Amino acid sequence: MWGSQELRPGARRAERRQAVIRLQREPIDYVRLVESVRHTAAGAVVLFLGTVRELTAGRITRMLEYEAYPPLAEKELTAIEQELRRRWQLTEVVLVHRLGQLSPGEISVAVVVSSPHRQDAFLAARHAMERIKQVVPIWKKEHWADGTSEWVHPSGETLATSPHQTNRSDSPEKGAAGVTPP
Amino acid sequence: MLVRVLLFARARELAGTDSITLQSAPALTLEQLRQELARRFPALAEFLPRCRLAIDDSFADDHCTVPPGATVAVLPPVSGG
């Protein structure tokens, strides 16, 4: 967690702070999160936001409801953060997921990483997001505009825990083929 | 011994409760626990095989034995993000 003291952007010294790993019911203040990873040791900052999409396969979403098993979710998020740090050179890592009822356009998840170099930042942010969707015990329920609702429980991945099933084009060995800079 | 079971998302809704405390003989395996849950909550029986189980906040295989007083979580396929 960061303190409340204001730091000049980019003026942070080289001490490492604890990663921000959090489930929260309040809206995600992504500007503050981005500022929190900026650092003089970092030449790159990558932000990924997951936002509630209004249209899925022609159906209109009225609201998404997120639920988690917090003790295990936080443990798995911490494991992802540690995996990111093993695989890429990172300065700061922020993984925040929102819980509760979200309307279209609202931010459900934020991944923010800073790194000395852009390649590591892009790859780490992408991998973090893939892992969050695969292993962290968080669930969403679609509430459709027509009044129906259903839990989203993807089939075929109940046992998807081994890393080889989850690494796709985002592994550093394969280079950055799957990542397109803005 | 007592085992507390937590249910989430669709598993919670199918069971109609978010938690249950079971009285069981010692050396209960997760496989046996699954059978007991399916017996108590017939509506959950079909969905349960798709769920992973965790003992005291760690994912566990079905052959694992549940320690006395443990908490077991029933975790449907995840869909965060």
Side-chain angles (χ1 to χ4, degrees), chain A residues 23 28 48-53 56 64-80 95-100 102 107-111 125-126 128-142 149-162 166, chain B residues 2-22 29-35 37-38 41-67 69-81:
Chain A
L23 304 171
I28 293 173
F48 173 86
L49 297 178
T51 60
V52 177
R53 186 178 56 239
T56 298
L64 287 184
E65 180 181 357
Y66 285 90
E67 170 178 326
Y69 179 33
L72 187 50
E74 286 165 7
K75 193 171 159 183
E76 290 296 310
L77 287 171
T78 300
I80 291 170
L95 307 173
V96 178
H97 204 296
R98 187 148 173 226
L99 302 177
L102 279 69
I107 298 163
S108 56
V109 58
V111 170
R126 177 176 178 150
M129 202 50 228
E130 299 299 323
R131 293 300 282 159
I132 286 171
K133 292 180 79 78
Q134 287 160 353
V135 301
V136 180
I138 299 173
W139 304 274
K140 62 167 154 282
K141 188 176 191 179
E142 283 269 11
S149 62
E150 62 192 283
W151 286 102
V152 182
H153 290 315
S155 57
E157 52 185 73
T158 50
L159 300 175
T161 53
S162 57
T166 61
Chain B
L2 292 177
V3 177
R4 185 169 158 79
V5 180
L6 306 178
L7 300 123
F8 294 91
R10 184 156 179 247
R12 169 173 57 75
E13 291 189 350
L14 289 171
T17 181
D18 62 0
S19 70
I20 179 175
T21 301
L22 300 175
T29 66
L30 285 182
E31 187 174 13
Q32 292 167 327
L33 178 65
R34 281 183 189 272
Q35 292 164 3
L37 289 172
F41 305 111
L44 184 60
E46 189 180 341
F47 184 60
L48 201 52
R50 293 184 57 201
C51 298
R52 301 179 70 195
L53 300 181
I55 300 175
D56 290 336
D57 305 340
S58 293
F59 291 114
D61 294 328
D62 276 12
H63 64 263
C64 289
T65 303
V66 183
T71 297
V72 174
V74 178
L75 308 166
V78 303
S79 55

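Just so it is clear, the model here is predicted, and its values are computed rather than measured. Within every chain, numbering begins at 1; the chains are lettered A, B, ... in the order of the sequence lines, protein sequences first and strands thereafter.
Heavy atoms closer than 4.5 Å to chain A are found in the side chain of Ala54(B), but not in its backbone. For Lys140(A), the parts sitting under 4.5 Å from any heavy atom of chain B are the backbone and the side chain alike. Residue Ala73(A): no heavy atom, backbone or side chain, is found under 4.5 Å from chain B.
When every heavy atom of Val78(B) is checked against every heavy atom of Pro154(A), the shortest pair comes out as O-CD, 3.3 Å.
Within 6.0 Å of atom CD in Glu46(B), 12 or fewer heavy atoms from other residues, nucleotides or ligands are found, so the atom counts as exposed in its surroundings.
In this structure, the ring-ring contact (aromatic ring centres under 6.0 Å, His included) partners of Phe47(B), at least two apart in sequence or on a different chain, are His153(A).
Most heavy-atom pairs under 4.5 Å with chain B, from the set Ile132(A), Leu72(A), Val136(A), Val109(A): that is Leu72(A).
Proximity of Lys75(A) to Phe59(B): side-chain heavy atoms (C-beta onward) are nowhere separated by under 4.5 Å. Considering only heavy atoms from C-beta on, Ser155(A) stays 4.5 Å or farther from Pro77(B) through its side chain. When side chains are defined from C-beta on, Trp139(A) counts as touching Pro76(B), because their heavy atoms get closer than 4.5 Å.
No donor-acceptor pair closer than 3.5 Å links the side chain of Tyr69(A) to the backbone N or O of Leu7(B).
Atom OG in Ser58(B) sits 8.5 Å away from atom CD in Glu76(A) (nearest 0.5 Å).
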